[in-house]
Structure formats: C-alpha cells, structure tokens
Amino acid sequence: MVGLNERVMSHHTIEVENLSFRYPDGRLALDDVSLTVAPDEKVALVGPNGSGKSTLLLHLNGVLRSPTGTIRLGGLPLNDRNLGQIRAWVGLVFQNPDDQLFSPRVYQDVAFGPLHMGLPEAEVRARVERALAVVGMGDYAERVSFHLSVGEKKRIAIATVLSMEPKILVLDEPSAGLDPRARRHLIALLRDLKQQTMLISTHDMRLAAELCARAVVLDGGRVVAEGPTEHILNDADLLERHGLEKPF
Amino acid sequence: MNFSLQERYRAGDSLLHRLDPRIKVVVTLVLIVGIVMTPSAAWPAYALLWVLLGGLALLGRLGFWRLARTAGLALPFSLAAATLMFTTPGNEVLRVFGLVVSDAGLARFAAVLLKSWLAVQAALLLAMTTPFTDLLWALASLRLPQTLVAIIGLMYRYLFTLRDEAERLMRARAARSGSAANHRSGGSLGWRARVAGGMVGSLFLRSYERSERVYAAMLARGYTGRMRALDPPPLRWQAVVLGGVPLAALAIIQLLAARWWA
Ligand SMILES: Nc1ncnc2c1ncn2[C@@H]1O[C@H](COP(=O)(O)OP(=O)(O)O)[C@@H](O)[C@H]1O
Ligand SMILES: [Mg+2]
C-alpha cells in the first residue's frame, strides 16, 4: 500500500480540468478553470481581488468541492475515498495566519497535521522540530500564537503544513501584510523549498517574478492568460486590463 | 476603551511555577472543596487556611498581600449570600428597614464571605503560576473530554483576536465621530444604540465567518472530527510528594476544626 502511494506520488502534479464553482449565494466564482502544475514546478496564480484565487486553492485539498470538473493531485482523483490521502499530500497555507494557527501554542499547531495523519509520537515530535527549523522559528515552539507578529505568524503557518511533509504546497497570498524584510525572508524561505510542487496565489508581482517561472492569470473566475512569468509581467496591456501592475 | 481581558499568569520559575500542572489542578480543587467544607464557626481554621494560602503565595513569589487583595476583587459576587443574615433564625442583633438580622445569620454570612475569599485565592494561585496552555493539557489528562478541552483552547486562542477586532471597530467609530462646534456629538440615544447594535452584529458576523475558515483550516490538515493531542509527559513522584504537602496541612486544619472549633 505504501509502495503504491509512493509510486503514485513520484509525479506530484496538480491537474485541474474544467472546474466551475458557484457559491451557495449564486455567485459564480470559478468558470471553467483548467490548469496543470508539473512536479517540482512553482507556478504563480495572479489576479486582482475577488478573481477567485482563494476559491480555486480551497478546492485543491477538498475544503470546497464542486460537482463540475475534475481535480487530480499526484495522479489521484480527488474524491471521498482519496480525500484523507490527498490532504496529507497537499499543504494548504491560508491567507490569514490567524485562521491557520488555531491552537493555543505554536508547538501544538505544528504538531496538529502530523498527529491527525496518525503518525507515532516520536515521528510527530521530530517533524515539528524539523519544520520549525526550516522556517527559522525553532525558538518559538513554546510561544503562544496570538502574541506573535504577522511575519512570524506567516512563517509558523508555513511550518504547520511543512510538518506534514507535503509534496504539494499551496499558498494563498503569502506576502500579504508583510513588511519588506519579512517579505524577503519569506521569498528566500520559499525559494529554498525545492522538493515541492507549488501553486502560489498572489498579486505581489515581484514575488511571482522571483519565485515562479510560470504564471497563470485569473480574472472573474476564468484563466485569462498563462505563460512564462517574464512574458506576462512584460505585457503591460494584459496587466492593466486585469487590475495588476508591472513590478519594476 | 480598555477591556479588562488579561491573563492572570505571572511568569516565573518558582517551585510553584515548575510543579506539574496536573498536581496543581488536583491540589487546587481539593483545597477549594476543603475550604468550602470548613465548619462555619471554626474561625481559627480560616486564619490557618489563610496562612497556608499565603505561604503558597510566598513560595510562588506572588506576594502574600497582593494575592489577598486580588482575591478581594471577587468579593462583591458573594454579596448574593447577604440574605442569609435575615433568613437564619437566631438572636436579634440589628434591625434594617424592619428586617431582623440574627447573630447566627451574621456569622453564616461572614463565613460565606471568608470562604469565597479564600477559595478565590486558591484558584488565583493556580492561575497565576500556571500558563493557560498547561492547564489545558492538565485538564485533558485528568479525563476532561478532549472536545471540551479543544473548545476551551479555541476560546482562549480567539478571545484576544476577538478583543482586537472589537477594538478596531470601536476605533473606527471613534475616528468618524467628530463633533461640530457647539453640537453635542453622537446623535440621539436611539441612534447611538443602533450604531452599537450594528457593531455587535458585525462582530458576530466576523466571528462566525472566522469559525468557518478555522474549521476549513482544521479539515485541510486532516481533522476528521476527533481531536488528537500529544501524550503528556510522565508524572513524577517528586511532584506527587510536593502536592501532598499542602493537602496534609489542609487535613490537619480540618481535623483541628472538627475536633475543637466546630
Ligand atoms: N463564502 C463566500 N460566499 C459567497 N461568495 C464568496 C465567498 N467567498 C468568496 N466569494 C466571492 O467569490 C469571488 C472570488 O473570491 P475569492 O476566491 O476569495 O477571490 P480572491 O482570493 O482572488 O480575492 C468573489 O467575488 C467573492 O466575493
Ligand atoms: Mg483571496
């Protein structure tokens, strides 16, 4: 069984085909979205506020489910049977770290994922330490989450999914609300995570340019452009039309 | 606006701070039950109990008087027992608006006040020397249901976030509540009540939406409805022995009270 999972995960892709999603209040937030991210590739999902970025990302580990379209992660179709497995593979970092850090203490938050994957205690503890070390927050294990700065919370939010050792990382506006230094830290941190497939939603064009070779532009719930980040960022017209701006 | 929402915990590394939280919870509960069950007229016992709690306060470097004063803040709540003065039969000592205060009633009321003051001191000792998060796992390992512990933990986690949100709302209102010269600001009482109502509603809505996002974040990390937690560290016998000391003192006080002062 383990062997099978590992074989499947040897190509940890994100594949979304013809996904549409309507919120219960009738708003069509995703309109026939298709997108593929290759193993170890880092793709930026750019688009103005309300373009559907968060909605799309929430589909990638089944927090939101849509009856239309198909989603495959690491080759496995996302359905009830595979949900647990997929949630262990896909680390989703929410936009607001106050939503992600729900435990009283940092340590408990980072341990939450591995514990709920059913890992043995020693393994959980080892993973918590590794994840905190990766984000440079090893000294924060015993801290209380709500007393931390936004930058610290963001890094710990990333640690809470790294401890699950996901093959796929999905980040929702990771640089929003960060000051320049915290933002630099974050970009360096994400750049060093080379073993993961990443889909990063953002309207921070510089972050997109520095981290991702490819970008997908979303507007009004539709994919309106897609290509090398460099091309997209140099297309002033395109950016203008979709409420974005050139980084430099 | 300043909310008096604050943590009671005082950082430190006294013996009391370092004691296993499970032991502290159990000892505190036994102390409180012991205080409440002291025979009402055993006045010397109250003095000894106070000395016991004060000694623990010194051990925790909290200050004997400071603990006593802080516990005094809770006294107004025990005024609810004031009716005891009138309803307990006994010899008349005083008449207030035609109501008879009996000597026995007065004594019972005084005993209730003293007991609540002492019990609050015991609870404060626990709260001031134990971080809230330690209390949580201590309660969990004392077989409080995991779900309940999780709820208390979430409440603790988000209480302060909620307070910040409320403060932001009020600041936003204050910033837009300038008053023209010679005019009283804020509008009529009804108007202001409506604004306040809107703010409470908005706070509720934000909290409700946050709860959905937090639940989504829990699902995303594999939560399936059953809370799991790491195993607590093993209980050491030194901690048990230390916990036995105040309990032994309590037992002696209770024996004396039952034998001589009841
Ligand atoms: N819970 C919800 N209920 C109804 N509509 C929503 C909800 N969340 C988002 N929307 C709407 O869906 C659209 C896409 O939102 P979102 O995915 O959050 O965009 P983005 O993350 O790109 O800013 C927006 O128009 C937004 O108003
Ligand atoms: Mg969003």
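Note on naming: letters A, B, ... go to the chains in the order of the sequence lines (proteins, then strands), and numbering restarts at 1 for each one.
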For [X], is it the side chain, the backbone, both, or neither that has a heavy atom closer than 4.5 Å to a heavy atom of chain B?
{"X": "A:Ala111", "result": "side chain"}
{"X": "A:Phe102", "result": "both"}
{"X": "A:Met117", "result": "neither"}

B:Lys24/B:Asp134 ion pair, N-O < 4.0 Å: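 Salt bridge absent between B:Lys24 and B:Asp134.
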
Largest heavy-atom contact set with chain B, pairs under 4.5 Å, which of A:Val161, A:Val93, A:Val63, A:Leu101: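 Ranked by contacts with chain B, first place is A:Leu101.
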
Contact leader toward chain B among A:Val144, A:Asn61, A:Leu92, A:Asp98, where contacts are heavy-atom pairs under 4.5 Å: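 Between A:Val144, A:Asn61, A:Leu92, A:Asp98, the count favours A:Asp98.
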
Ring centres under 6.0 angstrom apart (A:Tyr23, A:Phe21):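 Between A:Phe21 and A:Tyr23, which both carry aromatic rings, the centre distance is below 6.0 Å.
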
Centroid separation B:Tyr156 to A:Phe146 less than 6.0 Å: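 Yes, the ring centres sit under 6.0 Å apart.
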
Contacting region of B:Ala150 [heavy-atom separation from chain A under 4.5 Å]: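 For B:Ala150, there is no contact with chain A at all, as no heavy atom is under 4.5 Å.
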
Contact class of B:Phe132 relative to chain A, heavy atoms under 4.5 angstrom: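 Contact with chain A involves no heavy atom of B:Phe132 at all.
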
Spacing of A:Leu186 atom CG and A:Leu211 atom CG [to the nearest 0.5 Å]: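 Rounded to the nearest 0.5 Å, the CG-CG separation comes out at 8.0 Å.
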
The single option from A:Thr160, A:Ile156, A:Asp109, A:Asp172 passing side chain to side chain contact (heavy atoms under 4.5 Å, CB included) against A:Gln100: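 Checked A:Thr160, A:Ile156, A:Asp109, A:Asp172 against A:Gln100; only one passes side chain to side chain contact (heavy atoms under 4.5 Å, CB included): A:Thr160.
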
B:Ile35: which of B:Val30, B:Leu114, B:Leu52, B:Leu118 passes side chain to side chain contact (heavy atoms under 4.5 Å, CB included):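 For B:Ile35, the side chain to side chain contact (heavy atoms under 4.5 Å, CB included) test succeeds with only one of B:Val30, B:Leu114, B:Leu52, B:Leu118, which is B:Leu118.
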
Options B:Val214, B:Leu154, B:Thr224, ranked by heavy-atom pairs under 4.5 Å with chain A, top entry: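 Counting heavy-atom pairs under 4.5 Å, the top option is B:Val214.
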
